[in-house]
Enquirer: 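Supplied in structure tokens, the structure appears directly below.
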Amino acid sequence: MLDPKLIRTELDVVAKKLANRGFTLDVEKLATLEEQRKELQVRTQDLQRLRNNSAKAIGKAKASGEDTAPLLAAVADMGDKLNAGEAELREVQQELDSILMGIPNLPHDSVPIGIDENDNQEIRRWGEPQDFAFEPRDHVELGEKLTGMDFETAAKIAGSRFSMLSGSLARMQRALIQFMLDTHINEHGYTETYVPYLVNADSLRGTGQLPKFAEDLFQMGDDGYYLIPTAEVPLTNIVRDVIIDDSDMPRKFTAHTPCFRSEAGAYGKDTRGLIRQHQFEKVELVQIVRPEDSYDVLETLTGHAEKILQALNLPYRVMSLCSGDMGFSSAKTYDLEVWLPAQNTYREISSCSNFEDFQARRMLARYRSANGGKPMLVHTVNGSGLAVGRALVAVMENYQNADGSITVPEVLQAYMGGIEIISAE
RNA sequence: GGAGAGGUGCCAGAGUUGGCCGAAUGGGCUUGAUUCGAAAUCAAGUGAACUCUCACGAGUUCCGAGGGUUCGAAUCCCUCCCUCUCCGCCA
């Protein structure tokens, strides 16, 4: 959520920045509602004050044994008036809130302005895509040859966009998870965290998935639970409604969780293989930081995700997403794109964002600075470190051999009982 | 799932014949006094959100959440959530 004060005082500037990400702000409606809100709120609070004073006077009169009848008569119709006023205010406030909750974050000044992914800006590249002496196969073909990847059985058990891994490939996925977690815990200072995979609506509102993107989520029956689309939701909501002591800042969480996405509106997109699934594994990085640190942290956190790719020796590039391609809650996002030889292109494998105080304001996540004073909103920064399914795809495709076997990256061998090569079983 | 108890400020813990309760008391914390310094002691201060105001300041809301009764609710009524104890079941 944006700062309501900012919207009040600099509506035109806000509208202009939002236009850069393709969002049209109904300036006139907002201004009208805000005017109504102000008038109604002042009037209602005034009535409440009157009521409070009258009630006190009646209490005193009664205590001293005076006749309260005239006082009671004077406030006879106040209740109705107040109720009507409160109802009217609530209505306007709710409409205002629902508009506010649907406004995306403002892009940071360093974000390239653009319409879609074609306007994203490449920041740097790491590693050299290798020249294969043969025609590289894609991961689906490799998986078939190795017999460890089964989409048909998954479709039977669940449906389309699900997958099943078995044998060495399943083990390699687990190795990737362990390797990522260990790296972030031991080398990057994150706290390993185990979180619920079902969350309530408040948590999803806090991070920005609700109210606008309900169709992307899997909702459980009518008990109010949703499957998490990312560990960002439970991890970030750890600090919802919390005032963090300065000495406990920053907070750094990492977790491995499955992620569930309905992928509504993605029909026909990336239907082949593991790239876009209803269920996938991800290791997530979340940092709760002081406002002045958040942009430095975005760089280091992105570096933490890059570290994994480097250790796996997978070529990648870092893209700064343009204003039009960024997610709803983000002020600035770097995507890491890994090289996939079969597709002869780079594909997203991690997304690292600074949300500034956008999520913090929705969650009322604050900290008290060392020199006291009012609690201040924290900044939240998070990123995938990394998407595990896609990492598995990248390893398979980049480490494939002419005979369809796959060399196990050195850093994963210890996690796989010393296996150096995966071949058909 | 069954039975019972309970959810109050940073913590502990009063307040349940509705009014003087944003809330006693103790602890903690901050500042000051005392001290060479510290401990102890004494004094004062110490919740959050929001609104109006250039500002000083004023006001509203919040005692798990949401409704209701009332001129007035932490206190009464209803619904829901959560915690604890015992029993059952279960990995």
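Below, read A as the first sequence line, B as the second, and so on, with proteins coming before strands; counting in each chain starts at 1.
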Enquirer: Of all the base pairs, Watson-Crick or G-U under 3.5 Å, which form stems of three or more consecutive pairs involving RNA chain B?
Expert: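 Stem list for RNA chain B: B:1-7 with B:81-87, B:10-12 with B:25-27, B:28-33 with B:41-46, B:47-52 with B:57-62, B:64-68 with B:76-80.
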Enquirer: Using the test side-chain contact (heavy atoms from CB on, under 4.5 Å), find all partners of A:Leu71 that sit at least two apart in sequence or belong to another chain.
Expert: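 Result, side-chain contact (heavy atoms from CB on, under 4.5 Å) vs A:Leu71: A:Ile58, A:Ala61.
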Enquirer: How close or far is atom C1' of B:G19 from atom NZ of A:Lys60, stated in whole angstroms?
Expert: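 Atom-to-atom, A:Lys60 to B:G19, this comes out as 10 Å.
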Enquirer: Quickly, which of A:Arg366, A:Arg368, A:Arg290 forms a salt bridge (Lys or Arg N to Asp or Glu O under 4.0 Å) with A:Asp246? Name it, please.
Expert: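 So the option named by the test is A:Arg290.
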Enquirer: Write down the distance between OH (A:Tyr194) and P (B:A91), rounded to a whole number of angstrom.
Expert: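 So the OH-P distance, A:Tyr194 to B:A91, works out to 17 Å.
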Enquirer: For a quick check under 3.5 Å, do A:Thr380 and A:Gln359 share a side-chain donor-acceptor pair by atom type?
Expert: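 Their side chains do contain a donor-acceptor pair, which is all the 3.5 Å distance test asks for.
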Enquirer: For residues 193-212 of chain A, tabulate all N or O donor-acceptor pairs below 3.5 Å that involve a side-chain atom, not counting sequence neighbours.
Expert:
from	atom 1	to	atom 2	distance (Å)
A:Thr193	OG1	A:Thr191	O	2.9
A:Asn200	OD1	A:Asp202	N	3.3
A:Asn200	OD1	A:Ser203	N	3.0
A:Asn200	OD1	A:Ser203	OG	3.2
A:Asp202	OD1	A:Arg205	NH2	2.7
A:Ser203	OG	A:Arg240	NH2	2.9
A:Thr207	OG1	A:Ser203	O	3.2
A:Thr207	OG1	A:Gln209	OE1	2.7
A:Lys212	NZ	A:Gly102	O	2.9

Enquirer: In this structure, how many angstroms lie between the P atom of B:U69 and the CG atom of A:Asp80, rounded?
Expert: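 Result: 11 Å.
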Enquirer: Take atom CG of A:Asp245 and atom C1' of B:C10, then tell me their distance rounded to the nearest Å.
Expert: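 A:Asp245 atom CG is separated from B:C10 atom C1' by 10 Å.
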Enquirer: Let's test your reading of the model: under 3.5 Å, does the base of B:G19 pair with the side chain of A:Lys62 as donor and acceptor?
Expert: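 Result: at least one qualifying N/O pair found.
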Enquirer: Quick one: side chain to side chain donor-acceptor pair (under 3.5 Å) partners of A:Tyr190, sequence neighbours excluded?
Expert: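 Result, side chain to side chain donor-acceptor pair (under 3.5 Å) vs A:Tyr190: A:Gln287, A:His304.
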Enquirer: Under 3.5 Å, sequence neighbours excluded: what are the donor-acceptor pairs made by side chains of residues 107-114 of chain A?
Expert:
from	atom 1	to	atom 2	distance (Å)
A:His108	ND1	A:Ser110	N	3.2
A:His108	ND1	A:Ser110	OG	2.7
A:Ser110	OG	A:Lys332	NZ	2.7

Enquirer: Considering residues at least two apart in sequence or located in another chain, which fulfil the ring-ring contact (aromatic ring centres under 6.0 Å, His included) criterion with A:Tyr225?
Expert: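 If we apply the ring-ring contact (aromatic ring centres under 6.0 Å, His included) test to A:Tyr225, skipping adjacent residues, there are no hits.
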Enquirer: May I have the distance from A:Asp241 (atom CG) to B:C10 (atom P), rounded to whole angstrom?
Expert: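 So the CG-P distance, A:Asp241 to B:C10, works out to 13 Å.
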Enquirer: Enumerate the residue pairs fulfilling side-chain hydrogen bond (donor to acceptor under 3.5 Å, both in side chains) with a member in residues 4-15 of chain A, sequence neighbours excluded, ordered by first and then second residue.
Expert: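 Sorted result for residues 4-15 of chain A: A:Arg8-A:Glu34.
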Enquirer: Determine the interatomic distance between P on B:U69 and the same-named atom on B:G57; round to the nearest Å.
Expert: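 Looking at atom P only, B:U69 and B:G57 are 39 Å apart.
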Enquirer: Can you build the contact string for nucleotides 46-60 of chain B? Use B for base contact, S for sugar-phosphate-only contact, and - for no protein heavy atom under 4.0 Å.
Expert: --SSSBSS-----BS
Enquirer: Just to verify, what does A:Met78 make a side-chain contact (heavy atoms from CB on, under 4.5 Å) with, not counting sequence neighbours?
Expert: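 If we apply the side-chain contact (heavy atoms from CB on, under 4.5 Å) test to A:Met78, skipping adjacent residues, the hits are A:Leu50, A:Arg51, A:Ser54, A:Val75.
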Enquirer: Measure the distance from CG on A:Asp248 to P on B:C10 and round it to the nearest whole Å.
Expert: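 After rounding, the reported distance stands at 16 Å.
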Enquirer: Please report the distance, rounded to the nearest Å, between CD1 in A:Ile58 and P in B:C71.
Expert: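 Spelled out: CD1 on A:Ile58 to P on B:C71 is 9 Å.
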